[in-house]
Engineer: 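One structure follows; several queries about it will come next.
These numbers come from a predicted model, not from an experiment.
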Amino acid sequence: MSAPGLGLPLLVLALTVLAGVMVSRRIALWRVGRPARVDWTRGLLALPKRYLVDVHHVVGRDPYAARMHALAAGGLLAGSGLALLALVPVLGASRLFWLLIALAFGMALAGGFMVGRRRLPVRPARLSGGRFQRLPFLLAAYAAGALLVALDAALGGHLTALSWPGLVLAAAGGLGLVLQLDTGPMRHAFAGALHLVAHPRPARFEGVRETALAPLDLDAARLPGVRLPGVRLPGVRLGIAEPADFAWNRLVGFDACIQCGRCEVACPAFAAGQPLNPKRLIQDLASALQPGATNATYAGSPYPHAREVAGIGGPDLPLVGTGAMIHPDTLWSCTTCRACVEECPMMIEHVDAIVGMRRFQTLELGAVPEKAAAPLSELRYADEPQGRALSARTDFAAGLELPRIGPRGAEILLWLGEGAYDLRHGRTLRALVALLHRAGVDFAVLGDEERDCGDLARRLGDEATFQRLARANISTLARHSFRRILTADPHALHVLRNEYRAFGGVFEVIHHTALLDELVAAGRLPLAPLARAVTYHDPCYLGRYNGEIDAPRRLIDRLGLARVEMERAGRRSMCCGGGGGAPLSDIEGERRIPDIRMAQAAATGAGTLAVACPQCTAMLEGVTGARPEVRDIAELVLEAVEAAPSARHAELAS
């Protein structure tokens, strides 16, 4: 083996040692976080699948990015690993082995050029600049230099004149890459791998739609102890106030961010010009972990209409506030729609972080948005956010038979939800009740035993009120006999199905579109075709949170409607702006989120916008000007049932 040929493995070895030092500095920072239970064996065994399948499933939505990442990352890792093995004499003496090394670094070089081509001469707005702009040059230098050395060794020393400059070039590029491991773009590489192993929601990789928020341990606040400035007592804080309040694997997740900007493109608040950019938020959280931290090095898109903050932080310093990293308006701009989470190739959990910080603002500081204070107060004392009588929840059904559940029980328990008080959603519920009667479904409601499900309280950070409501509702439900819970409210569905489980409430919950789809398929609701074009808006808490995107579409198709999809649909649908307490937070932006969504619906040319959520109905019907008609799917089904010949014959016969 020639001298440059020996130099390359030694260079890689030296870079590996230096990389270990850089990584250890970051690991020391992560250790300030709270403990987290991690199944290391399971995580390590699953890493190849999580990296090569789950991550690339998301990355592959942009085929260019997928090919670029495969070449750059795959070539870099393979080439460096093989070069290290060249220290083994039998391998280092093999020209065929060096050809393999050259091939790997050739892949890395091609990947480096692709990285550069995507960023130069014009960088897309969603990608961050700064140190990221140097990354393609460093990749290309390291890969090109190593390629020359490897080719020289493979050809038996016929390129010696190029191999020494190649080794120098590889050293310069490699050193530059390693120095990016602590606070630069390369931090993503090792943090990303560890994040996949120790992910806080490992079931996401096993086909489980794990979207429920983890309960907060409210009893922790009752632990003895006195809080002193600068003294952190484990377990006594409710919510996230500073970086050290996150679990350590959450801190790793923030460092896994590659700043690809897919989250900011998907974020409805960002599109509306509200002061939230999920990418910037994650970077602020990652930066705040560094002692003496500032956000000055961030080189991506800012928060739209950013509120002024000091932009300083540290592991034990506040995250939220004008003197910290993040303005409170940034937290309250989030609709909790999880579009950012859905788009993130590193599976970062933005919404968990936001709700965690909201919990501290609400529970410890009482610093909720002005319009949210009264509804939260009413929820605490009246079990209903407007303070209305629980018995008034059934007023919408005046003139209809609405059975109350009794000792006999019922097959279906109809959970009316908060929307039952709303006149508009009352029309949807009347249609649903009429359809249940026509189909002969054995159903009943709780009447004044139904309290608010607690969704609003939980999204606004009032975990104490949510848990009280959850336990009270579970106790009520446990006293009655039923097989399934039916609801037309996806927010209630999510809470009842997924978030009550942590408190012992395990129920089979079905959305009204899924039940109507079943009834129509079984022939219990004869239909007449409705001939017009419809586009369907997926509610975030039904489609993205619960994976139910097929049943509403099947039902629309059964109605004979010409279904036209919006550009953003299914799990990648856009929020209506009504989730997460956003209407109460009312953070000012440039545009209204429902106006943006309605414009997307109008662009399809459909005259009807089908919805399946009371909050979507309210937000989208509030859009003024020429727009598609907004109809809940239950209303469309009832229209088709009433137009069916058998229905008309029955009416005439009666």
Engineer: Within the distance-only criterion (no hydrogens, no angle test), does the side chain of Gln290 pair as donor or acceptor with the backbone N or O of Ala293 below 3.5 angstrom?
Structural biologist: no
Engineer: Distance-only, no hydrogens or angles: does the Ser333 side chain make a donor-acceptor pair with backbone N or O of Leu276 under 3.5 Å?
Structural biologist: no
Engineer: If you define the side chain from C-beta out and look only at heavy atoms, does anything of Leu446 sit under 4.5 Å from His480?
Structural biologist: yes
Engineer: Which atom names give the shortest non-hydrogen contact between Asp316 and Ala244, and what distance separates them?
Structural biologist: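 Result for this residue pair: OD1-CB, 3.7 Å.
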Engineer: Does atom CD of Glu588 have more than 12 heavy-atom neighbours, drawn from other residues, nucleotides or ligands, at distances under 6.0 Å?
Structural biologist: no
Engineer: Give a yes or no answer on whether the side chain of Glu364 reaches the backbone of Leu238 with a donor-acceptor pair at less than 3.5 Å.
Structural biologist: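 It does hold such a pair.
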Engineer: Using the rule given for side-chain contact (heavy atoms from CB on, under 4.5 Å), can you reason through Leu251 versus Leu29, listing the C-alpha separation, both sets of side-chain angles and the distance that settles it, and then say yes or no?
Structural biologist: CA-CA 9 Å; Leu251 297 174; Leu29 293 178; over 6 Å; no
Engineer: What's the spacing between Ile405 CD1 and Arg479 CZ if we round to 0.5 Å?
Structural biologist: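 The CZ atom of Arg479 is 11.0 Å from CD1 of Ile405, to the nearest 0.5 Å.
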Engineer: Might you point out which heavy atoms bring Tyr545 and Arg209 nearest each other, and give the distance in Å?
Structural biologist: O-CG, 3.1 Å
Engineer: Between the side chains of Glu463 and Arg359, is the shortest nitrogen-to-carboxylate-oxygen separation below 4.0 Å, so that they form an ion pair?
Structural biologist: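 Glu463 and Arg359: salt-bridged.
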Engineer: Check the pair His305, Gln274 against side chain to side chain donor-acceptor pair (under 3.5 Å), reporting the backbone distance first and the verdict last.
Structural biologist: CA-CA 7 Å; His305 297 285; Gln274 293 176 255; over 6 Å; no
Engineer: Tell me, do Glu450 and Leu416 make a side-chain contact under 4.5 Å, heavy atoms counted?
Structural biologist: yes
Engineer: Could you walk me through whether Phe254 and Phe246 pass ring pair (Phe, Tyr, Trp, His ring centres under 6.0 Å), step by step?
Structural biologist: CA-CA 11 Å; Phe254 303 147; Phe246 283 107; 5.0 Å; yes
Engineer: Looking at Arg26 and Asp255, is there a salt bridge between them, counting it only when a charged N and a carboxylate O are closer than 4.0 Å?
Structural biologist: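 The answer is yes: the pair qualifies as a salt bridge.
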Engineer: Would you compute the distance between atom CG of Leu423 and atom CG of Asp395 and round it to the nearest 0.5 angstrom?
Structural biologist: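 Nearest 0.5 Å value for the CG-CG distance: 10.0 Å.
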Engineer: Just wondering, do Cys267 and His350 contact through their side chains at under 4.5 Å, heavy atoms?
Structural biologist: no
Engineer: Of the non-hydrogen atoms in Asn277 and Tyr303, which two are nearest, and what is the gap between them?
Structural biologist: N-CD2, 3.2 Å
Engineer: For the residue pair Pro539 and Cys616, establish whether any side-chain heavy-atom pair is separated by less than 4.5 Å.
Structural biologist: yes
Engineer: Nearest 0.5 angstrom please: Met357 CE to Leu331 CG, how far?
Structural biologist: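 The distance works out to 5.0 Å.
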Engineer: Going through the checks in order, is the side chain to side chain donor-acceptor pair (under 3.5 Å) test met by Asn546 and Asn498?
Structural biologist: CA-CA 9 Å; Asn546 284 281; Asn498 302 312; 2.8 Å; yes
Engineer: Give a yes or no on whether a salt bridge exists between Glu499 and Arg459, defined as a side-chain N under 4.0 angstrom from a carboxylate O.
Structural biologist: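 Looking at Glu499 and Arg459, the cut-off is met.
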Engineer: Just verifying a value: how many Å separate Leu45 CG and Arg50 CZ, rounded to the nearest 0.5 Å?
Structural biologist: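 One finds 9.5 Å between CG of Leu45 and CZ of Arg50.
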Engineer: How far apart are the C-alpha atoms of Ile596 and Met574, what are their side-chain angles, what is the distance that settles it, and do they pass the side-chain contact (heavy atoms from CB on, under 4.5 Å) test?
Structural biologist: CA-CA 9 Å; Ile596 299 172; Met574 181 176 175; 3.6 Å; yes
Engineer: Rounded to the nearest 0.5 Å, how far does CG of Leu216 lie from CZ of Phe466?
Structural biologist: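 Spacing of CZ (Phe466) from CG (Leu216) equals 11.5 Å.
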Engineer: Spell out, as yes or no, whether a donor-acceptor pair under 3.5 Å connects the side chain of Ser585 to the backbone of Ile587.
Structural biologist: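 It does not hold such a pair.
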Engineer: What pair of heavy atoms forms the shortest contact from Ala256 to Gly192, and how long is it?
Structural biologist: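 Of all heavy-atom pairs spanning Ala256 and Gly192, the closest is CB-CA, 3.7 Å.
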Engineer: Side-chain contact test, heavy atoms from C-beta onward, threshold under 4.5 Å: evaluate it for Gln615 versus Thr335 and give yes or no.
Structural biologist: no
Engineer: As a quick check of understanding, evaluate side-chain contact (heavy atoms from CB on, under 4.5 Å) for Asp182 and Val23, giving each step before the final call.
Structural biologist: CA-CA 7 Å; Asp182 188 7; Val23 168; over 6 Å; no
Engineer: Backbone N or O of Ser301 within a donor-acceptor pair of the Tyr298 side chain at under 3.5 Å?
Structural biologist: yes
Engineer: Does Arg31, at its CZ atom, have more than 12 non-hydrogen atoms belonging to other residues, nucleotides or ligands within less than 6.0 Å?
Structural biologist: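 Not more than 12 within 6.0 Å, no.
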Engineer: Identify whether the distance between the nearest side-chain nitrogen and carboxylate oxygen of Glu349 and Arg338 falls below 4.0 Å.
Structural biologist: yes
Engineer: Hey, could you give me the NE2/NE2 distance between His494 and His511, rounded to the nearest 0.5 Å?
Structural biologist: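 With rounding to 0.5 Å, NE2 (His494) is 13.5 Å from NE2 (His511).
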Engineer: Would Ser573 and Arg597 satisfy side chain to side chain donor-acceptor pair (under 3.5 Å), going step by step from the backbone distance to the final call?
Structural biologist: CA-CA 9 Å; Ser573 179; Arg597 186 56 172 164; 2.9 Å; yes
Engineer: Using a strict 4.0 Å threshold on nitrogen-to-oxygen distance, state whether Arg468 and Asp383 make a salt bridge.
Structural biologist: yes
Engineer: Check whether any side-chain N or O of Thr362 sits under 3.5 Å from a backbone N or O of Arg358 as a donor-acceptor pair, and report yes or no.
Structural biologist: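 Pair found, side chain donor or acceptor close to backbone of Arg358.
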Engineer: Looking at His195 and Pro200, what are the two nearest heavy atoms and their distance?
Structural biologist: CE1-CD, 4.1 Å
Engineer: Whether Asp448 and Arg393 form a salt bridge (side-chain N of Lys/Arg under 4.0 Å from carboxylate O of Asp/Glu) is what I want to check.
Structural biologist: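 No.
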Engineer: Do any N or O atoms from the side chain of Arg501 and from the backbone of Gly505 form a donor-acceptor pair under 3.5 angstrom?
Structural biologist: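 No, the answer is negative, given that no donor and acceptor are paired below the 3.5 Å cut-off.
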Engineer: Decide yes or no on side chain to side chain donor-acceptor pair (under 3.5 Å) for Thr336 and Tyr541, but give the supporting numbers first.
Structural biologist: CA-CA 9 Å; Thr336 67; Tyr541 277 75; 2.6 Å; yes
Engineer: Check this for me, if you would: do Glu384 and Arg388 make a salt bridge, where the nitrogen-to-carboxylate-oxygen distance has to be below 4.0 angstrom?
Structural biologist: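 Salt bridge present between Glu384 and Arg388.
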Engineer: Less than 4.5 Å apart, side chain to side chain, heavy atoms only: is that true for Pro385 and Glu418?
Structural biologist: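 They are in contact (side-chain heavy atoms under 4.5 Å apart), so the answer is yes.
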Engineer: What side-chain donor-acceptor pairs closer than 3.5 Å can you find for residues 370-380, not counting sequence neighbours?
Structural biologist:
{"from": "Lys371", "atom 1": "NZ", "to": "Asp586", "atom 2": "OD2", "distance (Å)": "2.6"}
{"from": "Arg380", "atom 1": "NE", "to": "Asp462", "atom 2": "OD2", "distance (Å)": "2.9"}
{"from": "Arg380", "atom 1": "NH2", "to": "Asp462", "atom 2": "OD2", "distance (Å)": "3.0"}

Engineer: Could you tell me which non-hydrogen atom of Ile240 sits nearest to which non-hydrogen atom of Phe360, and how far apart they are?
Structural biologist: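 Nearest pair, atom of Ile240 first, then Phe360: O-CB, 3.3 Å.
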Engineer: Which one of Arg280, Gln259, Gln283 satisfies the side-chain hydrogen bond (donor to acceptor under 3.5 Å, both in side chains) criterion with Ser128?
Structural biologist: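 That would be Gln259.
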Engineer: Between Val58 and Met347, is a side-chain contact (heavy atoms from CB on, under 4.5 Å) present by the stated rule, with each step listed?
Structural biologist: CA-CA 9 Å; Val58 182; Met347 316 286 183; 4.1 Å; yes
Engineer: Are any of the side-chain heavy atoms of Glu242 and Asp245 separated by less than 4.5 Å?
Structural biologist: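 Glu242 reaches Asp245 side chain to side chain.
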Engineer: Within a strict 4.5 Å, meaning less than it, do heavy atoms of the Leu285 and Ile326 side chains meet?
Structural biologist: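 Answer yes - side chains close enough.
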Engineer: Look only at the side chain of Tyr500 and the backbone of Cys453, and say whether a donor-acceptor pair between them is shorter than 3.5 Å.
Structural biologist: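 Such a contact is found between Tyr500 side chain and Cys453 backbone.
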Engineer: Charged N to carboxylate O below 4.0 Å: is that the case for Glu342 and Arg61?
Structural biologist: yes
Engineer: Can you tell me if Glu308 uses its side chain to pair, donor with acceptor, with the backbone of Thr322 under 3.5 Å?
Structural biologist: no
Engineer: Donor-acceptor check, side chain of Arg126 to backbone of Val265, threshold 3.5 angstrom: yes or no?
Structural biologist: no
Engineer: Do NZ/NE/NH1/NH2 and the carboxylate oxygens of Arg201 and Asp352 come within less than 4.0 Å?
Structural biologist: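 Looking at Asp352 together with Arg201, the answer is yes, because their closest N to O distance falls below 4.0 Å.
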